Peer 1: 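Structure incoming, see below.
As the structure is a computational prediction, the values presented were derived from the model and not from experiment. Below, chains carry the letters A, B, ... as their sequence lines are ordered, and counting in each starts from 1.
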There are 2 protein chains.
Amino acid sequence: MNRPTEKAVNAPRACFIAAGLDVLGERWALLALREMSLGVHRFDQIARNTGASRDILTDRLRTLENRGVIERLQYSERPARYEYHLTTSGAEVAPILISLAAWSSTWMRDETPRASYRHSCGADLKPVVLCAECGEEFTPGSLLLGPLVSSPGTDPASGQ
Amino acid sequence: MNRPTEKAVNAPRACFIAAGLDVLGERWALLALREMSLGVHRFDQIARNTGASRDILTDRLRTLENRGVIERLQYSERPARYEYHLTTSGAEVAPILISLAAWSSTWMRDETPRASYRHSCGADLKPVVLCAECGEEFTPGSLLLGPLVSSPGTDPASGQ
DNA sequence: CCGAGTCAGTTGGATTTTCCAACTAACCTG
DNA sequence: CAGGTTAGTTGGAAAATCCAACTGACTCGG
């Protein structure tokens with residue numbers, strides 16, 4: 001039996017970065033979402049464009065669907081075929097893809113030619129991340145740990 | 001032999017998102033970088049706080065070091081011990097962690113209490129991503145594919 | 001100087017994931 | 001009806017990960 005009042009000192013940090021990676025950090029998940037962001041919605045094309053094997057892709061799409069990140073929309077009755085579309089949650093993954101693409105195009109350049117990205121205004125991808133509250137730019141190191149939170153709002157009962 | 005002038009129609013999309021995931025997308029890599037962002041620099045603590053097994057963590061840290069994302073700094077001569085620190089490249093991963101944390105704290109809330117994040121101004125994490133060029137906010141769908149690029153700058157010779 | 005503890009890994013073997021090519025099922029097209 | 005498209009599923013091999021234990025080089029307390 002375990003004692004619920006004691007803190008497990010060796011437990012990994014339960015934070016929202018780790019929670020997000022549970023869903024988005026599995027192999028191929030972000031690439032599948034990239035495809036949907038770019039307007040590709042069908043299984044075969046997503047498989048081709050990502051390079052994921054079909055069985056794993058099936059698994060990832062189910063996970064993303066179960067977590068509410070994407071939804072399956074039927075586009076054919078008789079052979080019952082579906083398209084995969086981003087939900088609101090899935091569309092909001094965009095900043096992650098944007099940050100990743102920007103980091104990578106700065107730091108991962110090599111001889112191999114790769115597709116770059118740009119903003120819809122036509123400019124090369126160069127995102128700036130601001131704090132919505134104070135308007136200041138997020139600098140490395142300006143990300144700090146906050147309090148523990150769960151669904152009904154911050155739970156002050158649990159010992160910090 | 002393959003013909004270099006022909007496009008492989010079935011090849012996965014070579015883009016900077018995929019390239020970034022090569023380095024940052026491996027299991028535990030982003031969590032290790034999270035720890036360094038939060039000021040944790042030693043092997044045992046990183047292992048504990050992430051939950052990664054020690055052998056895999058060793059491998060990830062080596063990969064990140066080889067890719068220039070982190071560096072090993074010696075802090076003890078005689079038992080030859082090292083700390084892991086972010087390079088400039090590693091520090092610039094922050095926007096990815098910030099976007100991920102923000103997405104997750106919006107969409108991944110459940111009963112389990114998790115550490116949240118905040119900006120150094122004290123406010124809850126609420127990042128806004130703007131295009132540095134036009135100043136407009138990045139909306140889902142405003143991320144578009146750009147031209148192919150490699151190291152010496154955009155190579156106009158390759159057939160699009 | 002002995003035993004315990006810390007730190008940063010390494011090792012071996014079990015377990016889990018992923019890969020891959022082939023297969024199915026249900027249609028459509030010529 | 002032969003062939004193609006679409007969205008998977010299957011089975012077995014290969015690769016990645018997990019885990020607990022071990023090593024080596026120290027430090028510290030007594």
Side-chain angles (χ1 to χ4, degrees), chain A residues 8-14 18 21-36 39-67 70-86, chain B residues 8-14 18 21-36 39-67 70-86:
Chain A
V9 173
N10 289 345
R13 214 188 277 282
L21 287 172
D22 267 6
V23 181
L24 305 181
E26 292 189 301
R27 216 185 289 208
W28 308 117
L30 276 179
L31 291 184
L33 295 175
R34 172 198 70 184
E35 287 306 306
M36 294 175 220
V40 174
H41 301 288
R42 301 201 176 168
F43 187 89
D44 273 35
Q45 268 305 301
I46 296 172
R48 245 183 287 282
N49 291 350
T50 59
S53 43
R54 313 169 64 75
D55 51 351
I56 301 302
L57 182 61
T58 300
D59 186 82
R60 289 304 173 272
L61 294 172
R62 294 294 170 274
T63 300
L64 291 171
E65 191 191 359
N66 292 337
R67 300 306 211 100
I70 63 175
E71 57 191 341
R72 276 193 333 158
L73 302 178
Q74 192 159 25
Y75 73 90
S76 159
E77 281 273 326
R78 302 310 345 297
R81 302 237 173 285
Y82 301 88
E83 288 188 328
Y84 296 93
H85 284 262
L86 299 175
Chain B
V9 173
N10 289 345
R13 214 188 276 282
L21 287 173
D22 267 7
V23 181
L24 305 182
E26 292 188 301
R27 213 183 285 202
W28 308 116
L30 277 179
L31 292 185
L33 296 175
R34 172 197 70 184
E35 287 306 306
M36 294 174 219
V40 174
H41 301 289
R42 301 201 176 168
F43 187 88
D44 274 34
Q45 268 305 302
I46 296 171
R48 245 184 286 281
N49 291 350
T50 58
S53 43
R54 312 171 65 76
D55 51 351
I56 301 302
L57 181 60
T58 300
D59 187 82
R60 289 304 172 270
L61 293 172
R62 293 295 170 273
T63 301
L64 291 171
E65 191 190 0
N66 291 338
R67 300 307 211 101
I70 63 175
E71 56 191 341
R72 277 196 329 160
L73 302 178
Q74 192 159 23
Y75 73 90
S76 158
E77 281 273 327
R78 303 313 344 295
R81 302 236 174 285
Y82 302 87
E83 288 187 330
Y84 296 93
H85 284 261
L86 299 174

Peer 1: So B:E26 and B:T63, side-chain contact (heavy atoms from CB on, under 4.5 Å) or not? Walk me through it.
Peer 2: CA-CA 10 Å; B:E26 292 188 301; B:T63 301; 3.9 Å; yes

Peer 1: Report yes if at least one side-chain N or O of A:Y84 is closer than 4.0 Å to OP1 or OP2 of D:dG8; otherwise report no.
Peer 2: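 For A:Y84, the contact criterion (side-chain N or O under 4.0 Å from OP1 or OP2 of D:dG8) is met.
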
Peer 1: Tell me the interatomic distance from B:L31, atom CG, to D:dC18, atom P, rounded to whole angstroms.
Peer 2: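 Going from B:L31 (CG) to D:dC18 (P), I get 11 Å.
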
Peer 1: Let me know, please, whether B:A80 or A:R62 comes out on the 5' side of the other along DNA chain D by nearest nucleotide.
Peer 2: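 Closer to the 5' end of DNA chain D: A:R62.
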
Peer 1: How many angstroms lie between atom NE2 of A:H41 and atom OH of A:Y84, to the nearest 0.5 angstrom?
Peer 2: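 Spacing of NE2 (A:H41) from OH (A:Y84) equals 13.0 Å.
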
Peer 1: Atom CD of residue position A:E77 - does it have more than 12 heavy atoms of other residues, nucleotides or ligands inside 6.0 Å?
Peer 2: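 No, because the 6.0 Å sphere around CD of A:E77 holds 12 heavy atoms or fewer from other groups.
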
Peer 1: Got a second to check how far B:I56's CD1 is from B:T50's OG1, nearest 0.5 Å?
Peer 2: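 If I round to the nearest 0.5 Å, the distance is 11.5 Å.
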
Peer 1: Could you tell me the separation between the CZ atom of B:R81 and the C1' atom of D:dT23, rounded to a whole number of Å?
Peer 2: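 Spelled out: CZ on B:R81 to C1' on D:dT23 is 12 Å.
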
Peer 1: Could you please spell out the steps behind the side-chain contact (heavy atoms from CB on, under 4.5 Å) verdict for A:I70 and A:M36?
Peer 2: CA-CA 9 Å; A:I70 63 175; A:M36 294 175 220; 3.6 Å; yes

Peer 1: If you measure from CD on B:E71 to NE2 on B:H85, what distance do you get to the nearest 0.5 Å?
Peer 2: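 Output value for this atom pair is 8.0 Å.
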
Peer 1: For A:G51 and B:P12, work out which heavy atoms get closest and say how close.
Peer 2: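 Shortest heavy-atom separation between A:G51 and B:P12 comes out as N-CB, 3.8 Å.
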
Peer 1: Measure the spacing between CZ of B:R62 and OG1 of B:T58 and express it to the nearest 0.5 Å.
Peer 2: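 It is 6.0 Å, given to the nearest 0.5 Å.
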
Peer 1: Taking all non-hydrogen atoms of both residues, which atom of A:W28 and which atom of A:R60 are closest, and how far apart?
Peer 2: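 Of all heavy-atom pairs spanning A:W28 and A:R60, the closest is CB-CG, 4.4 Å.
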
Peer 1: Considering only heavy atoms of chain B and a distance under 4.0 Å, specify the first and last nucleotide of DNA chain C in 5' to 3' order that meet this criterion.
Peer 2: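 Nucleotide range in contact with chain B: C:dC7 to C:dG12.
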
Peer 1: Per the side chain to side chain donor-acceptor pair (under 3.5 Å) rule, which among B:R72, B:R42, B:Q74 passes with B:E83?
Peer 2: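 Exactly one pass, corresponding to B:R42.
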
Peer 1: Enumerate the residues from residues 51-61 of chain A whose closest heavy atom to DNA chain C is under 4.0 Å, giving them by residue number; use none for an empty result.
Peer 2: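 Here the set is A:S53, A:D55, A:I56, A:R60.
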
Peer 1: Send over the distance from B:Y82 OH to D:dA25 P, rounded to a whole Å.
Peer 2: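 From B:Y82 OH to D:dA25 P: 14 Å.
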
Peer 1: Whole angstrom is fine here: how far is it from CG in A:L73 over to P in D:dA7?
Peer 2: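 Rounded to the whole Å, the gap is 13 Å.
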
Peer 1: Test side-chain contact (heavy atoms from CB on, under 4.5 Å) on A:E35 and B:R13 and set out the steps.
Peer 2: CA-CA 9 Å; A:E35 287 306 306; B:R13 214 188 276 282; 2.5 Å; yes

Peer 1: Going by number, which of residues 21-28 of chain B have a non-hydrogen atom under 4.0 Å from DNA chain D?
Peer 2: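 DNA chain D contact set from residues 21-28 of chain B: B:R27, B:W28.
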
